[in-house]
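Worksheet: the structure to be examined is printed underneath.
In the text below, chain A, chain B and the rest are named by the order of the sequence lines, each starting its count at 1.
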Number of protein chains: 2
Amino acid sequence: MSQPRACSVARTLEIIGERWSLLVLREVFLGVRRFDAIHAATGAPRAVLVRRLHTLVAAGVLERRGYREEGARAREEYRLTEAGRDLQPVLTALMQWGDRYLAGPEGPPLHLSHAGCEAPVRARLVCEHGHVLDDNGRELSAEPAAHTAT
Amino acid sequence: MSQPRACSVARTLEIIGERWSLLVLREVFLGVRRFDAIHAATGAPRAVLVRRLHTLVAAGVLERRGYREEGARAREEYRLTEAGRDLQPVLTALMQWGDRYLAGPEGPPLHLSHAGCEAPVRARLVCEHGHVLDDNGRELSAEPAAHTAT
DNA sequence: CATCTGAGTTCAAATCGCGAACTGAGCTAC
DNA sequence: GTAGCTCAGTTCGCGATTTGAACTCAGATG
């Protein structure tokens, strides 16, 4: 093996693997869309935040658009695209692991529930036959696709 | 809001959010456990790899242990702990997103299936009433836990 | 003994991240 | 109409981190 492994994990991390990217996305998922608000909620330095937002927009995960509220001046906001919304399982899986292994004595700081049904939501591994697997991957088997080259 | 948001995502990223950490974990999940092999498979610089491995060991995600094969000299290997195995949904969610949005013309480079049942496995959001949600978070509602402070 | 391998160290150069201060446009109150 | 406020960035200097390549060192191999 002379080349690093070609892998969708690596490619995804090229986009959202930088230091603040996922925290930015967390905020946008929570409905925080304006620059200053994201800055305050994440604590990321402004210069870095600008770069991350541009990267995410360029990658098609966020969308930057101007808007204007009643009699207020024009502002910018960042919204999730379809591709961005599809990152929800990533955030959920990260949060869930932190809840389990890193929560303080007060328990998890944020609670996700199924709108309408109110039940707590978890990221699970599910096979197409409908079996829900344990989270630990012991029931998984991985194999490279046919075209192993590249 | 003067303090950055307290959040399990942020805490988790403190541990596995560095540049190479998740790629290291990907390899260990795939059964690659030796330093040089991880180095070759990820392409991470050796000095960085040493730091990441130490971080992951210190965080209790990996375990470093010496071993010796028949008549070979002693080596070190890195193994997943229970906590490490529980990161599988994170890796799977990342891979799945990359498969959907970043796969080349040859399609996804790696295939996960349910051992025994052979069916493809996906990371899904599932509520405790057993409903499987869309991946896009539209059916989710988030609220801070009671103790909003800190 | 000379060589190979595995697991790191060490090094200088380039990049990146950081906090704090600054810019500049548009609105609002005086 | 000008002083001040808000928002969305820039700029800046410093220090930490990353990088690739070369080097070390111990144990096994020929």
Exercise for the section: Name the closest nucleotide to the Glu76(B) side chain, picking from dG9(D), dC18(C), dG8(C). Expected result: dG8(C)
Exercise for the section: Round to a whole Å and report the spacing from CD1 of Ile38(B) to C1' of dG6(C). Expected result: 12 Å
Problem - Tyr78(B) and Arg33(B): side chain donor to acceptor below 3.5 Å - result: no
Practice task
Write down the distance between CG (Leu62(A)) and P (dA8(D)), rounded to a whole number of angstrom.
Solution key: 14 Å
Practice task
Output the rest of the hydrophobic cluster of Val126(B): all Ile, Leu, Val, Met, Phe, Trp and Tyr residues reachable through side-chain heavy-atom contacts under 4.5 Å, sorted by chain and number.
Solution key: Val126(A), Val132(A), Val132(B)
Completion exercise
Taken to the nearest whole Å, CG/Asp36(A) to C1'/dA8(D) is 7 Å
Exercise for the section: Check every strand shown and say whether Ala47(B) touches a base, only sugar-phosphate, or nothing at a heavy-atom separation below 4.0 Å. Expected result: base
Handout entry: Whether His39(A) and Phe35(A) hold their rings parallel, tilted or perpendicular, with breakpoints at 30° and 60°
Key = parallel
I'd like a table of donor-acceptor pairs (distance under 3.5 Å, sequence neighbours excluded) in which one partner is a side-chain atom from residues 46-60 of chain A, with atom names and distances.
residue	atom	partner	partner atom	Å
Arg46(A)	NH2	Asp36(A)	OD1	2.9
Arg52(A)	NH2	Glu18(A)	OE1	3.3
Thr55(A)	OG1	Arg51(A)	O	2.8

Exercise for the section: Kindly state which residues belonging to residues 9-23 of chain A come within less than 4.0 angstrom of DNA chain C, counting heavy atoms of the residue only, listed by number. Expected result: Glu18(A), Arg19(A), Trp20(A)
Problem - Short side-chain N/O contact to dC16(C) OP1/OP2 from Arg52(A), under 4.0 Å - result: no
Problem - Phosphate OP1/OP2 of dA8(D) contacted by Tyr67(A) side-chain N/O (<4.0 Å) - result: no
Handout entry: Minimum-distance nucleotide to Tyr78(A) side chain [options: dG6(C), dG9(D), dG20(D)]
Key = dG9(D)
Exercise for the section: Name the nucleic acid region contacted by Arg75(B), choosing base, sugar-phosphate or nothing; use a 4.0 angstrom heavy-atom cut-off, strictly under. Expected result: sugar-phosphate
Handout entry: OP1 or OP2 of dG8(C) under 4.0 Å from side-chain N/O of Arg46(B)
Key = no
Exercise for the section: May I ask you to evaluate whether Arg51(B) reaches the phosphate of dG8(C), defined as a side-chain N or O under 4.0 Å from OP1 or OP2? Expected result: no
Handout entry: d(CZ, Arg64(A); C1', dC7(D)) in whole Å
Key = 12 Å
Practice task
Taking only Lys NZ, Arg NE, NH1 and NH2, and the carboxylate oxygens of Asp or Glu, determine whether Glu77(B) and Arg75(B) approach each other closer than 4.0 Å.
Solution key: no
Completion exercise
Here the distance between atom P of dC18(C) and atom CG of Leu49(A), to the nearest Å, is 11 Å
Practice task
Respond yes when some side-chain nitrogen or oxygen of Arg68(B) is under 4.0 Å from OP1 or OP2 of dG27(D), and no when none is.
Solution key: no
Practice task
Look at Arg11(A) together with Glu14(A) and state whether they make a salt bridge at an N to O cut-off of under 4.0 Å.
Solution key: no
Practice task
Using whole Å, report how far NE2 of His54(B) lies from C1' of dG8(C).
Solution key: 9 Å
Exercise for the section: Starting from C1' on dC5(D), measure out to CZ on Arg34(A) and report it in whole angstrom. Expected result: 14 Å
Problem - Electrostatic pair Glu128(A)-Arg124(B), nearest N-O below 4.0 angstrom - result: no
Problem - Pairwise side-chain contact, Phe29(B) with Gln88(B), heavy-atom cut-off 4.5 Å (strictly under) - result: yes
Problem - dT6(D) phosphate, OP1 or OP2, under 4.0 Å from Arg73(A) side-chain N/O - result: no
Problem - Between C1' of dC25(D) and CZ of Phe35(B), the distance in whole Å - result: 14 Å
